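To keep things clear, I will list the structure first and then write my remarks on it.
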Amino acid sequence: MQESNRKKLVIGVIGADVHAVGIRILDYAFTDAGFDVTNLGVMVSQEEYIGAAIETNADAIVVSSLYGHGELDCRGLRDKCDEAGLEGILLYVGGNIVVGKQEFSDVEKRFHAMGFNRVFPPGTPPETTIYWLKKDLGVEEGASRTTD
Amino acid sequence: MQESNRKKLVIGVIGADVHAVGIRILDYAFTDAGFDVTNLGVMVSQEEYIGAAIETNADAIVVSSLYGHGELDCRGLRDKCDEAGLEGILLYVGGNIVVGKQEFSDVEKRFHAMGFNRVFPPGTPPETTIYWLKKDLGVEEGASRTTD
Amino acid sequence: MDEVRNVKWTRDDFERRRREVLTQWPTGKDVNLEDAFEYHQGQKPSKVFSNALNDAKRKQITLVQPRAGVPLVQDMIDLLTYLQNEGEADLLPTTIDSYTRQNRYHEAEVGIEESVRTQKNMLNGFPAVNHGVRSCRLLIDSLERPLQIRHGTPDARLLAEITYAGGFTSFEGGGISYNIPYAKNVSLERTISDWQYVDRLTGLYEEAGCPINREPFGPLTGTLVPPFIGITVAIIESLLAAEQGVKNITVGYGQCGHLVQDVAAMQVLQSLTDEYLRKYGYGDVNVTTVLHQWMGGFPQDEAKAYAVIGWGSAVAALSHTTKVIVKTPHEAFGVPTKEANASGLLCTKQMINMLGEQSLDTYSLQDEKVIIASETRCVLDKCFELGKGDIARGAILAIRSGVLDIPFAPSRYNAGKMLPARDNDGAIRLFHPGNVPLTTELLEFHQQKMEARAKYEKREASFQMVIDDVYAISKGRLVGRPRNE
Amino acid sequence: MDEVRNVKWTRDDFERRRREVLTQWPTGKDVNLEDAFEYHQGQKPSKVFSNALNDAKRKQITLVQPRAGVPLVQDMIDLLTYLQNEGEADLLPTTIDSYTRQNRYHEAEVGIEESVRTQKNMLNGFPAVNHGVRSCRLLIDSLERPLQIRHGTPDARLLAEITYAGGFTSFEGGGISYNIPYAKNVSLERTISDWQYVDRLTGLYEEAGCPINREPFGPLTGTLVPPFIGITVAIIESLLAAEQGVKNITVGYGQCGHLVQDVAAMQVLQSLTDEYLRKYGYGDVNVTTVLHQWMGGFPQDEAKAYAVIGWGSAVAALSHTTKVIVKTPHEAFGVPTKEANASGLLCTKQMINMLGEQSLDTYSLQDEKVIIASETRCVLDKCFELGKGDIARGAILAIRSGVLDIPFAPSRYNAGKMLPARDNDGAIRLFHPGNVPLTTELLEFHQQKMEARAKYEKREASFQMVIDDVYAISKGRLVGRPRNE
Ligand code: B12
Ligand code: B12
């Protein structure tokens with residue numbers, strides 16, 4: 001894949017969440033899979049995601065939330081994106097996005113309603129996310145660097 | 001309690017069951033609680049219980065079954081007791097009397113229907129059985145030897 | 001019956017008995033050795049029990065095996081498929097029901113019919129004899145892992161014939177270990193001879209190039225059995241099996257609960273079995289080991305049961321046994337559902353894999369190994385002495401006299417004079433030695449251990465202490481402390 | 001801010017800040033020290049945290065404590081009552097929600113309202129500041145066991161004021177351990193000073209005869225933290241606390257998974273904390289210990305999670321820690337239900353009680369203790385050197401320069417240059433030491449350990465190895481072996 005063709009991702013952990021391990025690994029895995037990654041780290045506000053997405057001309061925002069407040073933290077992100085001119089930007093969310101062990105199909109519905117394109121259950125491996133990112137962003141499998 | 005007043009029990013493990021530990025402990029505990037115990041050990045047939053009960057003029061037969069075939073092994077015991085002239089003798093059964101972890105109230109119903117006076121769930125401590133034996137056989141608490 | 005001796009049977013002797021055996025139940029007539037050898041020889045190597053074990057031993061990993069048996073064939077296939085795929089079992093069992101174990105095939109037939117009728121499992125295992133050779137092969141062919149027959153049958157001759165011909169490649173039991181804990185009225189002469197039959201049959205398969213693994217039942221009554229007792233029985237049964245031509249033996253041990261004692265026991269089990277086999281001319285036998293997770297009474301609470309399962313797994317991993325036999329969170333209640341069974345397996349697997357790289361090298365491990373090995377030698381050498389060099393004869397006389405004594409056994413052929421109890425740290429010691437011929441130093445050692453506990457608990461060592469120990473794990477402890485504590 | 005130093009605050013300094021603190025949220029005005037002392041003095045001794053811990057230490061038993069927090073008061077009472085009665089918890093927690101931890105009391109208020117409205121728990125803990133003094137006392141009065149505040153709050157001054165006045169007798173956290181793993185942008189000067197406030201407040205209670213236990217957060221990021229790092233932080237925070245008048249300290253450690261390393265770490269944690277406190281003039285502090293069951297990523301399967309919980313319990317028992325903090329079978333998913341929480345407790349309790357009488361005395365335990373203690377001394381003595389004798393100053397400089405370096409920490413004040421990985425047996429070693437000032441011999445030791453693993457795995461030591469180790473336990477192993485293995 002050419003440098004210029006690389007798809008651009010903004011990633012980070014939303015809200016007051018400090019779980020730092022997963023996002024570091026996602027950064028490593030997405031980069032390794034051929035994406036251009038802007039990693040905002042932990043405790044990222046909605047405004048910071050949007051600012052970074054505008055600045056880097058990002059193709060997708062990948063929101064991580066582990067600590068359980070994901071539902072409160074993610075509200076309104078899609079609207080704010082629209083307002084900021086990021087209409088239609090791909091929004092992913094994953095991690096442990098609600099409090100407690102809940103029926104995932106319900107959780108998925110609620111986050112879809114909030115405007116997220118894809119919602120992932122706890123413990124989703126990076127490979128899965130990469131698979132969907134490539135699909136949704138139209139990256140051809142052969143063209144990308146593979147993890148070995 | 002006077003020797004002659006002691007209530008007489010016939011105990012044993014029914015069928016092809018060889019679980020030998022529980023019955024040994026029941027023997028020890030019942031004796032210690034002031035009963036006259038005839039312990040037939042393991043692999044006891046219905047005929048052996050009845051023979052021993054007639055011979056010792058027993059007040060109760062305590063059937064233990066651990067291995068799961070209790071339901072097959074216990075069928076007809078009440079009828080055979082009646083035929084042998086042991087009408088109304090107290091019949092207890094306990095241990096792990098059916099195969100698998102089943103709803104105990106159902107199990108109890110089936111064994112009541114088979115003519116057992118009392119049916120006990122897995123892991124019933126000797127104290128509980130002693131309590132009911134004394135109650136059902138009219139042994140006064142104060143008169144009996146207590147375990148310390 | 002001829003006097004039992006540890007001598008390889010002639011083909012004639014074997015054939016003479018064989019005619020009797022195969023007519024004990026109609027399904028016996030379907031057994032054909034040539035056809036059976038062919039079936040075995042055509043088997044995928046990965047489905048042969050001994051291969052899996054020898055491989056694991058070489059790699060120093062621990063394989064995981066459940067117990068499982070239900071009355072009907074299709075249910076059995078479903079159950080094992082589930083344990084294989086969802087439970088990640090490395091080795092599969094077929095646990096036999098208690099009627100078959102007592103050769104009560106008529107009652108087993110009733111159990112099958114009742115199970116069909118009521119749609120409930122009315123038997124506590126799989127009645128393999130009634131189902132016959134073809135059904136066994138159906139099982140084997142439906143699964144990807146090696147299968148073993150696990151039972152508790154004093155006279156397992158017909159069961160072995162049918163299940164070997166049915167393609168099973170491992171068979172648990174032995175003349176002592178499937179008599180004393182599993183029977184009341186069967187003489188040792190009888191069972192040792194009947195197991196010589198099974199071992200000779202196994203030898204015939206080995207000679208035809210079809211390895212069949214044999215596994216003496218290590219835990220015996222599962223109730224406060226001091227390690228040296230189990231190890232002695234395991235070695236005797238290994239010697240008896242080897243003489244009949246068995247080449248693949250897995251010696252077993254039931255976890256006691258005390259880490260150092262358990263790891264020491266597993267190590268002594270392997271090394272002394274190897275040593276005695278070599279010494280008596282069977283150096284070509286492959287010996288592997290199995291640890292049984294806690295075989296005594298379990299706590300009813302499932303979370304607590306997981307702790308007991310986990311601890312057994314930890315000990316298996318730290319002692320690098322070749323395989324571990326797994327309990328389930330339903331243990332205290334009854335035969336587990338397939339889900340509960342898989343849970344036990346997964347818990348075990350996680351622990352085994354987490355701990356597989358670790359080992360124990362404690363100071364007390366060395367001491368404990370010396371103690372267990374010395375005790376075992378005392379009893380074993382006395383058995384040889386009693387038998388005037390013949391271990392079959394010696395074992396019979398030793399058990400009769402209480403030289404070899406198994407606690408809490410139902411058999412009237414067992415002396416039952418020795419009483420075990422835990423010491424203050426939880427290791428199993430002798431509260432009363434009965435006729436077990438330990439040296440004065442060893443007896444003194446046990447006595448001091450018991451005195452230390454009695455002093456700590458401010459009570460005399462008594463049968464109440466033994467009872468408290470029997471209950472202890474089901475009540476959440478290892479050592480049965482006085483109730484008021 | 002004045003330069004931070006490890007010197008006891010004057011009452012004036014304290015009072016000046018106090019006025020600010022108590023006005024951060026309206027509930028602050030209900031705090032009254034005299035009234036609080038009276039409430040504490042009237043408390044049943046069995047409900048005072050330090051009493052329970054000192055008692056357990058004397059008896060050499062291990063107490064069991066869950067984590068638990070829900071947004072609403074009555075739910076919290078129900079939850080803790082359940083964990084106390086059904087879960088057999090010896091010590092009770094109140095886990096604080098993440099908004100409160102960041103002093104975002106307005107958002108916590110929204111979370112409370114949403115939880116009432118939706119009947120779902122919208123907060124991941126109990127917002128004690130918003131609920132205030134009276135609600136805290138309602139909690140305390142409704143329960144029979146001692147209660148502790150568990151949180152992760154960089155600035156916990158108001159939280160401490162309110163919950164101390166509310167009757168809590170233990171408080172987790174410290175200026176380093178509740179900053180580096182729990183914050184991104186907060187300076188150490190800030191948090192060390194804010195925790196001096198909490199410690200001074202604790203001191204005031206102690207001086208009034210109201211013992212309040214303080215517990216530095218041992219596991220830090222819970223992710224491959226080498227033992228000496230956690231121990232160093234624990235000792236520094238103990239020294240800082242003791243200077244402000246804290247008299248009851250529980251030092252903590254997050255299980256690494258390697259038996260010998262974990263037991264060695266627990267022993268060194270106790271002995272070196274005692275030693276350094278004595279050396280610097282705080283010999284009168286009561287030091288107890290806590291082991292946290294595995295703090296990294298958990299397996300999703302509940303049976304596998306039980307294995308991880310069980311293994312943590314075994315290590316706690318074998319190292320005779322004063323208490324153990326318990327995980328639950330829901331760990332990989334989210335805040336547990338009360339039933340799942342109780343299951344974790346019961347599994348732990350069974351294991352603790354089964355193993356309580358046993359100890360470890362391995363050869364390698366001695367070696368490992370020497371290694372961990374030497375590593376800790378290297379870092380700690382360098383901290384004192386950097387601070388010219390002042391440990392507050394020294395800690396700040398040490399962390400800034402990577403002398404004291406916490407892996408996977410979110411804080412930008414942490415160097416993050418040191419990289420840990422497991423050795424071939426599963427012990428946590430240094431793959432890259434960064435600026436951690438170990439002796440040449442120790443560095444060589446770590447290097448050799450990593451080389452041995454790399455050789456065994458036939459790959460270079462790399463960040464991929466670290467990642468594999470991060471995932472390992474959740475995938476069923478301790479050591480993250482290459483995928484193709
Ligand atoms: C030790 C043990 C064995 C040993 C027994 C050694 C011996 N000869 O004694 C060995 C290993 C040989 C063994 C063999 C088998 N066992 Co077993 N065994 C156990 C185990 C682990 C403990 C039993 C024990 O000794 N407990 C300690 C004593 C003190 O308690 P107890 O026996 O429960 O008795 C007490 C109470 O139940 C009560 N009680 C007993 N009887 C009565 C009667 C009355 C009226 C009352 C009120 C109370 C009462 O009082 C007793 C004293 O407190 C239990 C599971 C468990 N409980 O944890 C399985 C268990 C009983 N075994 C079981 C089975 C199936 C078998 C086998 C068929 C093998 C198999 N398929 O796995 C064979 C059966 C052989 C045969 N023909 O009987 C099953 C029974 C299943 C079921 N009912 O659904 C159990 C429950 C295990 C399981 N979950 O699968 N077993
Ligand atoms: C380590 C840990 C901590 C450490 C974190 C250290 C640090 N700064 O990083 C410490 C101890 C500090 C901590 C603190 C807390 N934690 Co925490 N923690 C964990 C734990 C055990 C492991 C997390 C981890 O590092 N996993 C390893 C990494 C590699 O996996 P990961 O984080 O899951 O990320 C992967 C995937 O989820 C996925 N992924 C992540 N984001 C996204 C996004 C997308 C779009 C996709 C597709 C995939 C994806 O890819 C990642 C890489 O593979 C988890 C439970 C668990 N999973 O076992 C709890 C857990 C996340 N913590 C939890 C909680 C509640 C807290 C606390 C509030 C304390 C408390 N009440 O108990 C505080 C929160 C502090 C805060 N403000 O954030 C809860 C969340 C509950 C919920 N959602 O219902 C969990 C689930 C534990 C539990 N069951 O209660 N925690």
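It should be emphasised that the depicted structure is a prediction, and the values quoted were computed from it without experimental measurement. Throughout, a chain's letter reflects where its sequence line sits, starting with A, and its residues are numbered from 1.
Between D/K304 and C/E88 there is a salt bridge, since at least one side-chain N of the basic residue sits less than 4.0 Å from a carboxylate O of the acidic one. Ion pair C/E357/D/R453 not flagged as a salt bridge, since none of the NZ, NE, NH1 or NH2 atoms sits closer than 4.0 Å to an Asp/Glu carboxylate oxygen.
Residue D/Q366 touches chain C through its side chain alone, counting heavy-atom pairs closer than 4.5 Å. Neither the backbone nor the side chain of D/S313 comes within contact range of chain C; no heavy atoms are under 4.5 Å apart.
The shortest distance between side-chain heavy atoms of C/D301 and D/Q350 does not fall below 4.5 Å. The shortest side-chain heavy-atom distance between D/L259 and C/L355 does not fall under the 4.5 Å cut-off.
For chain C, the option among D/T348, D/D361, D/L478, D/N353 with the highest count of heavy-atom pairs below 4.5 Å is D/D361. Ranking C/S343, C/G310, C/A305 against chain D, the residue ahead of the rest is C/S343, based on heavy-atom pairs under 4.5 Å. Of the listed residues (D/I352, D/V260, D/I309, D/V308), the one with the most heavy-atom contacts under 4.5 Å to chain C is D/V308.
Between C/A307 and D/C347, the shortest heavy-atom distance links the atoms CB-O, 3.2 Å.
Taking the six-membered ring where the residue is Trp, D/Y363 and C/Y363 present tilted rings, their angle falling between 30° and 60°.
Of residues 317-342 of chain C, those residues lying under 4.5 Å from chain D by any heavy-atom pair are C/L318.
Under a 3.5 Å cut-off, the side chain of D/Q358 and the backbone N or O of C/G257 do form a donor-acceptor pair.
The line from NE2 of C/H258 to CE of D/M354 is 13.0 Å long, rounded to the nearest 0.5 Å. From D/T362, atom OG1 reaches atom CG of C/L365 across 10.0 Å, with rounding to the nearest 0.5 Å.
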